[in-house]
Participant: 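One structure is given below, represented as structure tokens, and several questions about it will come after.
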Amino acid sequence: MATNLTVEPEHIKLILATDFNNYVKGERFQYNMRSVLGTGVFNSDGEGWKFHRQMTRPFFNRDRISHFDIFERHAQDVVAHIKQRNRGGYAVDFQDLIGRFTMDSASEFLFDSCINSLKAHLPYPHKVPVPASPSSLPTGIPPTDPDPVAIAATRFTDAFTEAMLRISEREVLGRIWPLFEMTGDKTKRAMGVISEYLDPIIQRAVDKKRGGGMSAMATDEERDGMSLLDEMLDQTDDPQVLKDEMLNMLLAGRDTTMHTLTVVIYFFTMYPDIYRRACAETLAQIGPTRRPTYEDVKELNFLRAVINETMRLYPSVPFNVRENIQATTWPSPDPSDPRPLYIPAGSKLAYSVFMMHRRKDLWGPDAEEFDPDRFLDDRVKKYLLKNAFQFLPFNAGPRICLGQQFAYNEMSFMLVRLLQSFTSFERDEAAFAPSALPPPEWARWRGGRASIECGLRCI
Ligand code: HEM
């Protein structure tokens, strides 16, 4: 069956909000993801989804997301890693590094159990031969991690990445993916490693609860100190349900913010003026060393515009899919033919915010340009305020991203710490892995320069 793709705000509004109950992720999508995401919040519909959503939502509503201690610890590690690598004359794979920041921050925030991926050593640029012994390294960093915490973190994050890649491959292959897994489930190995890591954490939390630890009778102060895992234990102590939810949350919490932060930095390397303005705003509001507070972050209007403009052009979830339960109609997108579109029951539907965010009729003639000022000047009124459904990096309606405010805080905090620490960022294209380079023919296409896995020098 063909997939119908829409980039119309009116259609997306129906799917996500006004006719929400008629659209589901669907059995096919859930089957593809199940061996990794189980029945977690991303991978469920109907009553199952409601159970997961109501189990996790209260956690994000608390004023917890305004506590920045976790971000500070991990941001300091990021800055130290960059300085150390740059001192040795090496570029840093920023996407890898910032993925460690978002993984460690999310795991500590959500489960009070940090993965500690920032404790492991960073990979070297692909052309640098891996030194044979610690003493031969200019930075003095041993080539492998002797620390068991670092080894466990690396095994876990590698397995996590592998599992996510495997399920995305299934989506790309579509209906025929089981043919490619006839000899066995391709997520099994990675899920074995993931379970080895998560099962003891979950078991400890279950035992703590059974032993009379945190409970629904906890005081407000005690609740403030509870992790999402503790809170979920108020609803269930089924280890499989808890594990599914942890993985769903880690997926949501690592890759989205990692991707957005990487593209922001990529844009800083392309547009030094934008970088200078963001820097000037940060220094005026917070100064060169002070740790940013929740209130500071809210005042950084230009930085927020940079983040929004990045998510407009490169949203972390560029496409999404749904199926409709009942047959329905959509308004015609063609003004010359007002007849509505008929959508038979059980249609495969895709919507692309990536494409919608670049439409010139919705955003103006410069829709494909990177220009954060469009979120600050009269273009807000002219375009954005006309239709709330034309800017949807976090989705909308009942399934809107639960971590939106956490994500804005986390990304702003990390960017402030980078802006305070470095006066410029440069791409080091010699350090790019060949697989991260755009194919040569892209250079002939307009806008075809981007490759976001960047080797970076921070000065
Ligand atoms: C730049 C950062 C982020 C972006 C752009 C983003 C975007 C999205 C989008 C588009 C969805 C809808 C997915 C779908 O319906 O298929 C979503 C859902 C969700 N997000 Fe985020 N997200 C971000 C960060 C986070 C973070 C940091 C967390 C948690 C720590 C989080 C937690 C969730 C959860 C739990 C859902 C599932 C909601 C549901 O289905 O009811 N997100 N996010």
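Owing to the predicted nature of the structure, the values given are computational and were not obtained by experimental measurement. Note that ligands are numbered from 1 as they come in the structure, with each ligand's atoms numbered from 1 the same way. These numbers come from the heavy atoms of this one structure, side chains and all, not from hydrogens, waters or symmetry mates.
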Participant: As an exercise, identify every atom of ligand 1 less than 4.0 angstrom from a heavy atom of Trp49.
Facilitator: 39 (C), 40 (O), 41 (O)
Participant: Nearest 0.5 angstrom please: Met356 CE to His11 NE2, how far?
Facilitator: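 NE2 of His11 is found 12.0 Å from CE of Met356.
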Participant: Checking Asn308 against Tyr408: is there a side-chain donor and acceptor pair closer than 3.5 Å?
Facilitator: yes
Participant: Rounded to the nearest 0.5 Å, how far apart are OH of Tyr275 and CZ of Phe425?
Facilitator: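 Between atom OH of Tyr275 and atom CZ of Phe425 there are 4.5 Å.
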Participant: For a 4.5 angstrom cut-off between non-hydrogen side-chain atoms, does Thr56 reach Met232?
Facilitator: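 Touching, per the 4.5 Å side-chain cut-off.
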Participant: Above 12 or not: heavy atoms from other molecules or residues under 6.0 Å from CZ of Arg359?
Facilitator: yes
Participant: Below 3.5 angstrom, do we get any N/O pair linking Glu410 and ligand 1?
Facilitator: no
Participant: For atom 21 (Fe) of ligand 1, check which protein N, O or S atoms are under 2.8 Å away and list them.
Facilitator: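 Those protein N, O or S atoms (cut-off: under 2.8 Å from atom 21 (Fe) of ligand 1) are Cys401 SG.
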Participant: Just jot down the ligand 1 atoms closer than 4.0 angstrom to any heavy atom of Phe406, in number order.
Facilitator: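 Those of ligand 1 that fall under 4.0 Å from Phe406 are 27 (C), 30 (C).
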Participant: If you look only at pairs with a residue in residues 22-42, which of them pass as a salt bridge (Lys or Arg N to Asp or Glu O under 4.0 Å), with sequence neighbours excluded?
Facilitator: Glu27-Arg34, Arg28-Glu171
Participant: Can you tell me the protein heavy atom closest to atom 40 (O) of ligand 1 and the distance?
Facilitator: Arg399 NE, 3.0 Å
Participant: Any ion pair linking Lys208 and Asp230 (charged N to carboxylate O, less than 4.0 Å)?
Facilitator: yes
Participant: Note the single closest protein heavy atom to atom 38 (C) of ligand 1, along with its residue, its atom name and the distance in Å.
Facilitator: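 Going atom by atom, the protein heavy atom closest to atom 38 (C) of ligand 1 ends up being Arg53 NH1, 3.2 Å.
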Participant: To the nearest 0.5 Å, what is the distance between CD on Gln285 and CG on Asn301?
Facilitator: 9.0 Å
Participant: Provide the number and element of each atom of ligand 1 under 4.0 Å from a heavy atom of Met249.
Facilitator: 35 (C)
Participant: Please report whether the ring centroid of Phe20 lies less than 6.0 Å from that of Trp49.
Facilitator: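 Judged by ring-centre distance (under 6.0 Å), Trp49 and Phe20 do meet the cut-off.
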Participant: Just heavy atoms, cut-off under 4.0 Å: does Met411 contact ligand 1 by side chain, backbone, both, or neither?
Facilitator: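 Side chain only.
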Participant: Could you tell me if Asp207 and Gln203 have a donor-acceptor pair between their side chains, going purely by distance under 3.5 Å?
Facilitator: yes
Participant: Have a look at Phe109, Phe42, Tyr408 and point out the one with the heavy atom closest to atom 19 (C) of ligand 1.
Facilitator: Phe42
Participant: Answer with side chain, backbone, both or neither: which part of Lys25 has a heavy atom less than 4.0 angstrom from an atom of ligand 1?
Facilitator: side chain
Participant: Backbone, side chain, both or neither: what part of Arg322 comes under 4.0 angstrom of ligand 1, heavy atoms only?
Facilitator: side chain
Participant: Provide the number and element of each atom of ligand 1 under 4.0 Å from a heavy atom of Thr260.
Facilitator: 1 (C)
Participant: What protein heavy atom is closest to atom 5 (C) of ligand 1, reported as residue, atom name and distance in Å?
Facilitator: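 Here the nearest protein heavy atom works out to Pro393 O, 3.5 Å.
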Participant: In Å and rounded to the nearest 0.5 Å, what is the CZ to CD distance from Phe394 to Gln405?
Facilitator: 8.0 Å
Participant: Give the numbers and elements of all ligand 1 atoms closer than 4.0 Å to a heavy atom of Asn320.
Facilitator: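 Every atom of ligand 1 under 4.0 Å from some heavy atom of Asn320: 13 (C), 14 (C), 15 (O), 16 (O).
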Participant: Rounded to the nearest 0.5 Å, what's the gap from CD1 on Ile265 to OG1 on Thr260? Could you check?
Facilitator: 12.0 Å
